[in-house]
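Reviewing the structure listed below.
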4 protein chains.
Amino acid sequence: MAPLNEDQLHAIRDERREQIIDAALGVFARRGPVLTKMSMIAAAAGISHGLLYHYFKSKDELFIALVREAMLGAGGGVEEMLGHPGTVIDKLRHFLHEAMSEEARLSFLLIHQARASEGVPEEAREIIKDYSMDWFASKLKPLFFEGQRTGEIAKDDADLLIAGLLTAMSGSMILHASDEKNIPLIHPDHLLRLVLAPEHVRPL
Amino acid sequence: MAPLNEDQLHAIRDERREQIIDAALGVFARRGPVLTKMSMIAAAAGISHGLLYHYFKSKDELFIALVREAMLGAGGGVEEMLGHPGTVIDKLRHFLHEAMSEEARLSFLLIHQARASEGVPEEAREIIKDYSMDWFASKLKPLFFEGQRTGEIAKDDADLLIAGLLTAMSGSMILHASDEKNIPLIHPDHLLRLVLAPEHVRPL
Amino acid sequence: MAPLNEDQLHAIRDERREQIIDAALGVFARRGPVLTKMSMIAAAAGISHGLLYHYFKSKDELFIALVREAMLGAGGGVEEMLGHPGTVIDKLRHFLHEAMSEEARLSFLLIHQARASEGVPEEAREIIKDYSMDWFASKLKPLFFEGQRTGEIAKDDADLLIAGLLTAMSGSMILHASDEKNIPLIHPDHLLRLVLAPEHVRPL
Amino acid sequence: MAPLNEDQLHAIRDERREQIIDAALGVFARRGPVLTKMSMIAAAAGISHGLLYHYFKSKDELFIALVREAMLGAGGGVEEMLGHPGTVIDKLRHFLHEAMSEEARLSFLLIHQARASEGVPEEAREIIKDYSMDWFASKLKPLFFEGQRTGEIAKDDADLLIAGLLTAMSGSMILHASDEKNIPLIHPDHLLRLVLAPEHVRPL
DNA sequence: TATGAATGAGGGTTCATTCAT
DNA sequence: TATGAATGAACCCTCATTCAT
């Protein structure tokens with residue numbers, strides 16, 4: 001019954017924080033900030049709602065922390081993709097598979113919620129503004145230009161291609177995550193067709 | 001002196017109803033049923049919140065009425081498309097342009113909200129169940145088969161193609177409707193590429 | 001299409017007022033002032049709710065007018081009873097039959113509502129205070145004294161006898177008027193037993 | 001440091017629940033379910049209205065809980081009376097004293113409200129249907145028959161006697177509980193006279 | 001650290017009352 | 001006189017947040 005020592009407390013603290021963040025990501029991503037109730041997060045994390053407030057000052061702060069983390073992941077994903085070996089198509093395919101993977105999807109949805117929902121705290125808006133669709137686009141543009149040079153990418157306006165690709169991807173993920181479970185996720189290789197030059201389109 | 005006559009009252013009622021429905025469609029479509037406050041609809045319609053209840057018994061009833069109307073439009077749009085003259089591609093392009101047009105978009109979003117949101121009244125769920133994505137798919141499938149026969153449509157699994165097309169379209173519209181106004185709507189002709197046979201892909 | 005002349009308007013006005021008062025008595029008596037909605041009175045009177053306000057400035061004023069009228073009737077009933085021919089028992093039996101008759105009952109209930117309900121306008125309270133149970137008691141007391149002298153009435157404290165008789169009567173009428181329609185009205189001759197000397201008790 | 005232990009929490013919960021039930025009984029019994037505002041109960045219990053909802057899901061549920069409890073008491077009271085020692089008159093007098101006692105009166109009024117008021121939740125209606133006036137009557141009838149055999153009870157129709165007794169009692173209690181505090185409760189022994197054979201009537 | 005009792009602001013809905021016609 | 005559209009105060013209920021333990 002000796003009191004826990006400093007390290008043990010620290011360990012508990014970190015573990016709890018992780019629990020909460022995991023739980024909150026799942027709920028916020030699917031429901032958006034307003035429809036997410038603190039009690040849902042507490043239940044998902046297996047703790048009392050009171051305890052949430054020891055780790056995060058408010059719902060807004062928790063949401064902001066999640067958005068911040070998700071943005072790092074998303075930004076990193078793009079960087080990582082650019083370093084992926086292979087052709088432009090290889091890079092893009094890799095990126096799409098990554099972004100739509102089970103683990104990344106929640107972060108993507110969260111960012112969508114932060115972007116599209118009502119009742120998002122101002123600070124969260126600021127964060128995603130820095131990594132907005134424009135930011136993605138600016139990162140992808142050189143890649144698209146190269147793809148157009150090599151003939152892999154369609155010759156249309158690169159901005160439109162990129163925006164189309166990203167919104168179609170996000171949109172499909174959003175719908176797939178909605179309650180109607182029988183809406184399938186669009187296949188990354190199908191998505192790719194939005195931007196491929198015709199001669200590179202392959203059957204699935 | 002005399003009270004308003006039958007026609008005048010009718011005119012007022014119809015006008016108000018229209019005002020409310022227009023206002024409510026805009027708010028519901030963007031925010032979903034729970035985040036939509038009756039006061040927002042009232043403000044958008046330029047009336048007091050109390051007056052809403054002269055025209056609709058409850059928020060749920062209003063939402064249901066809107067969904068019902070939107071479903072009529074959506075269902076009709078598909079039928080109309082099938083009767084459109086021209087090739088399979090012509091029909092599809094026509095459909096996409098219609099569905100993504102300024103007027104149709106809100107209805108589409110509303111249906112999305114009814115499908116994907118929390119707090120949707122049971123009756124609204126029933127209505128869209130009849131015209132679910134499956135229903136759309138079943139209508140489009142013969143067209144896709146024909147397109148595959150004529151070589152206009154890619155030879156992949158028709159179900160996947162259809163689901164991909166529809167979710168990409170819906171998703172883009174959702175994102176575009178969100179508050180961040182600089183997210184562009186995907187171009188219908190780009191969407192079409194998701195399903196076209198390569199040799200039919202044309203630059204925008 | 002000539003405009004109505006003064007007299008016709010007056011006639012209409014009186015008729016409408018009567019309609020409203022009749023309708024309102026029925027509703028107020030059964031439901032009490034707060035649970036009575038102006039729309040119920042309007043419906044019962046067969047007019048629009050707006051028109052009510054041409055005849056009575058407010059719900060309170062209408063209720064007060066009804067209470068005033070009912071109190072007159074109730075007071076008159078007592079006076080009339082005292083002048084009724086016959087023995088003390090005859091007078092009392094006559095009074096009970098009158099008070100519990102179909103026509104008088106609504107007025108009685110209304111007074112009960114004014115006495116017992118929440119949300120009764122102050123002025124209505126004032127009116128019935130003037131004709132409160134004390135007033136009734138003071139009118140009945142000489143009669144009871146006489147009855148005790150003649151041996152018709154039990155020898156107990158007259159105040160208690162009177163209060164018991166009146167509350168039992170009112171109470172039975174209240175329950176009878178409630179929605180559960182199978183609660184029978186107590187028989188006036190049974191009520192009488194509450195106060196009769198034993199040797200005057202007769203089987204029903 | 002440590003959270004409250006199981007027992008302490010339980011104690012608080014029970015105490016609060018009791019507080020609320022007591023407060024609610026007083027208000028519901030006097031005002032009926034519709035005129036009772038949750039804020040009144042909260043004020044009477046000395047807590048915030050929000051806290052009410054930690055203990056009872058809704059106003060209806062609280063009312064139903066009270067009715068259920070009151071019916072247990074009322075039903076039990078009748079059974080207990082039948083086992084009371086002494087003559088039929090002794091039993092009845094005991095019953096009347098019990099039913100009109102300070103503690104029992106509020107329950108009686110509550111049941112009256114559940115029977116007679118508007119806006120009573122369906123479930124509450126179901127509960128009292130089982131113990132309706134008919135149920136009381138059926139329990140009392142054998143006793144009255146016996147009393148008529150022994151000559152204690154008047155020879156009139158037993159159903160009418162019972163109904164008269166019960167409604168007079170209820171009615172008096174209702175009036176007595178109303179705000180005008182100077183309406184005295186009818187004396188149980190006076191009530192008894194409604195049903196006694198003349199030779200058993202005694203001065204108070 | 002951890003719990004859950006407690007509070008109160010805010011949103012849906014009803015209904016008395018006003019007012020244009 | 002007569003109608004019903006229109007307003008807004010007040011009530012039920014939810015849920016973010018605080019706090020005693």
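Residue numbers begin at 1 in each chain, while the letters A, B, ... track the order of the sequences.
Contact check for A:Ile12 versus A:Arg16: side-chain heavy atoms found under the 4.5 Å cut-off. Side chains of A:Phe108 and A:Ile174 form no contact here, defined as non-hydrogen atoms less than 4.5 Å apart.
Distance B:Glu15 CD to F:dA6 C1': 14 Å, rounded to the nearest Å. Across the protein-nucleic acid pair, B:Arg17 atom CZ and F:dA5 atom P stand 12 Å apart, rounded to whole Å. For the pair D:Leu9 CG and F:dC19 P, the interatomic distance rounds to 19 Å; values are reported in whole Å. In this structure, the CZ atom of C:Arg31 is 13 Å from the C1' atom of E:dC15, given to the nearest Å. Between the P atom of F:dG8 and the CD1 atom of B:Ile47 lies a distance of 12 Å, rounded to the nearest Å. Residue A:Leu52 contributes atom CG, which lies 13 Å from atom C1' of E:dT1 at whole-angstrom precision. The CD-C1' distance, from B:Glu118 to F:dT14, rounds to 15 Å in whole Å. Remark: P of E:dG11 and NE2 of D:His49 are 14 Å apart, rounded to the nearest angstrom.
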Tell me, what's DNA chain E's dot-bracket, Watson-Crick or G-U with both distances under 3.5 Å, | for other-strand, [ ] crossing?
.||||||||||||||||||||
Decide side chain to side chain contact (heavy atoms under 4.5 Å, CB included) for B:Leu106 and B:Arg30; before the verdict, give the C-alpha distance in whole Å, the side-chain angles of both, and the deciding distance to 0.1 Å.
CA-CA 8 Å; B:Leu106 284 179; B:Arg30 263 176 264 275; 3.9 Å; yes
Would B:Ile21 and B:Phe56 count as a side chain to side chain contact (heavy atoms under 4.5 Å, CB included) here? Give the steps.
CA-CA 10 Å; B:Ile21 282 193; B:Phe56 296 92; 3.9 Å; yes
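Not one side-chain nitrogen or oxygen of D:Tyr53 sits closer than 4.0 Å to the OP1 or OP2 atom of F:dT14. A close approach under 4.0 Å does occur between a side-chain nitrogen or oxygen of A:Arg13 and OP1 or OP2 of E:dT1. The side chain of D:Arg16 contributes no N or O atom lying less than 4.0 Å from OP1 or OP2 of E:dA5.
Summary of the strand contacts: D:Leu51 and A:Gly46 both lie near DNA chain E, and taking for each the nucleotide with the nearest heavy atom, the more 5' one is attributed to A:Gly46.
Listed for the D:Lys59 side chain is no donor-acceptor partner under 3.5 Å among the backbone atoms of D:Lys37. With hydrogens and angles ignored, the 3.5 Å screen pairs a side-chain donor or acceptor of A:Glu61 with a backbone N or O of A:Lys57.
A distance of 7.0 Å separates OG of B:Ser58 from CD1 of B:Ile64, quoted to the nearest 0.5 Å. If you take CD1 on C:Ile41 and CZ on C:Phe63, they are separated by 10.0 Å, rounding to the nearest 0.5 Å. Annotation: the span from B:Gln19 atom CD to B:Tyr55 atom OH amounts to 8.5 Å, rounded to 0.5 Å.
For B:Glu123, the side-chain hydrogen bond (donor to acceptor under 3.5 Å, both in side chains) partners two or more places apart in sequence, or in a different chain, are B:Arg68. Considering only residues two or more places apart in sequence or on other chains, A:Arg31 meets the side-chain hydrogen bond (donor to acceptor under 3.5 Å, both in side chains) condition with B:Glu118. Judged as a side-chain hydrogen bond (donor to acceptor under 3.5 Å, both in side chains), and not counting sequence neighbours, B:Lys129 has no contacts.
Interface residues of residues 54-66 of chain C facing DNA chain E, ordered by number: C:Ser58, C:Lys59; criterion, heavy-atom separation under 4.0 Å. Using a 4.0 Å cutoff on non-hydrogen atoms, no part of residues 32-44 of chain D comes near DNA chain E.
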